[in-house]
There are 2 protein chains.
Amino acid sequence: MKIGELARVTGANIETIRYYERIGLLPEPHRTAANYRRYGEAHRSRLAFVRHSRDLGFTIEEIRSLLDLSDHPERDCGEADRIATSHLEQVEEKIAQLELLRDELARIIGRCRGGLAGDCRVIEALGDHKYCEGTHA
Amino acid sequence: MKIGELARVTGANIETIRYYERIGLLPEPHRTAANYRRYGEAHRSRLAFVRHSRDLGFTIEEIRSLLDLSDHPERDCGEADRIATSHLEQVEEKIAQLELLRDELARIIGRCRGGLAGDCRVIEALGDHKYCEGTHA
DNA sequence: CCTTGACCCTGTAGTTGCTACAGGGTGCAT
DNA sequence: ATGCACCCTGTAGCAACTACAGGGTCAAGG
């Protein structure tokens, strides 16, 4: 299939596919006489792996390692587990941070009674960290 | 005070301060004879406002609007409330997304029993969306 | 007086993960 | 032959910084 079809079936953007090829995440496909990229099932499934991993928030470098493992089934799977676990920890940390943020924002907004910007508690609170309760970022 | 001291008291990076000036978020300060930037209390508190807002996740453009309001105390404060509320909604959405992600990651990792990459459930699950339960991103 | 080191300056390029052109070629139907 | 959808390369842009390179300034110590 051509790049447009691959884009359609994987949900990836054409530019993104070419970008992945450029950075070495996808192998260079065969070319037709007219220099068009021609993809097969192996490309499709590799791209699906990449997109799925990106959707789960893995970085390109993490995906590179995961693909490398996937290409070497005889290796130990511990590395994949380590990458995923460390990623999970980062996600959990991010959630905790955002929850602090959410509470802080809700508190700041709750103080606003409308009126003039000069008396606005939102603006006041943004200007002065001392109004904060939580220890956000 | 000079830029190094301003950086110290606000916790901002020197390069970041110059960057904020370049994009018009901070006013151009006076210069000494040697062309050094010289800051006063007004600069310090404006930078604190910016850093605090950034820590709370507001974008530069949102901060630009908030600063504009802060500079015009006679205006209506509804805009500040609107920006903050919309931001809070985004934070809540992001938390919800990350929670789905977290559950999905935990589920994938839980299936790993160690062993060889060829049999690894983590890698298998990344390669095939059909193993997913949630409707993550 | 001279040097050392800490600080400051400008301007530009790098980061991440794409996305968006500009300017051109190909393939098929009308 | 002409229109249109598709493909190609190469480069520049996004957010919000961060990191130099290559220079100037200033106070203290020898």
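Note on naming: letters A, B, ... go to the chains in the order of the sequence lines (proteins, then strands), and numbering restarts at 1 for each one.
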**Q.** 5′-ward residue of the pair B:N35/A:Y36 relative to DNA chain C
**A.** B:N35
Q. So do the side chains of B:R54 and B:Y20 get within less than 4.5 Å of each other, counting heavy atoms only?
A. yes
Q.
Just the rounded figure in Å: distance from C1' of C:dG14 to CD of B:E15.
A. 12 Å
Q.
I'd like to know if A:D71 and A:R46 make a salt bridge, using a cut-off of under 4.0 Å between side-chain N and carboxylate O.
A. yes
Q. Taking for each residue the nucleotide of DNA chain D bearing the nearest heavy atom, is the 5' side occupied by B:R51 or by B:A33?
A. B:R51
Q. Ion pair present between B:E5 and B:K2, side-chain N to carboxylate O less than 4.0 angstrom?
A. no
Q.
At less than 4.0 Å, is any side-chain N or O atom of A:T59 found next to OP1 or OP2 of C:dT16? Yes or no.
A. no
(Q) Check this for me: does any side-chain nitrogen of one of A:D55 and A:R51 sit under 4.0 Å from a carboxylate oxygen of the other? (A) yes
Q. Can you check the A:K2 NZ to C:dC28 P distance for me, whole Å?
A. 7 Å
**Q.** Nucleotide range of DNA chain D lying under 4.0 Å from chain A heavy atoms
**A.** D:dC6 to D:dT9
Q | Gap between atoms OH and P, on B:Y19 and C:dT15 respectively (whole Å) | A | 17 Å
Q | C:dC18 phosphate, OP1 or OP2, under 4.0 Å from A:Y20 side-chain N/O | A | yes
Q. Between A:R18 and A:E21, is there a side-chain N and carboxylate O pair less than 4.0 Å apart?
A. no
Q.
What contact category does A:I14 fall into here, base, sugar-phosphate, or nothing, at under 4.0 angstrom with non-hydrogen atoms?
A. sugar-phosphate
Q) Within the structure shown, what part of the strands sits under 4.0 Å from B:R18 by heavy-atom distance: base, sugar-phosphate, or nothing? A) base
Q: Write down the distance between CZ (A:F58) and C1' (C:dT16), rounded to a whole number of angstrom.
A: 17 Å
Q: Using a strict 4.0 Å threshold on nitrogen-to-oxygen distance, state whether A:R64 and A:D68 make a salt bridge.
A: no
Q | Flag side-chain contact, heavy atom, 4.5 Å: B:Q97 against B:L101 | A | no
Q: Calculate the interatomic distance between B:N13 atom CG and C:dT15 atom P; express it in whole Å.
A: 18 Å
(Q) Under 4.0 Å, counting only non-hydrogen atoms across every strand here, what does A:I23 touch: a base, just sugar-phosphate, or nothing? (A) nothing
Q) Separation of A:R22 atom CZ from C:dT19 atom C1', in whole Å? A) 11 Å
Q: Starting at atom CZ of A:R38, determine the distance to atom P of C:dT26, rounded to an integer number of angstrom.
A: 15 Å
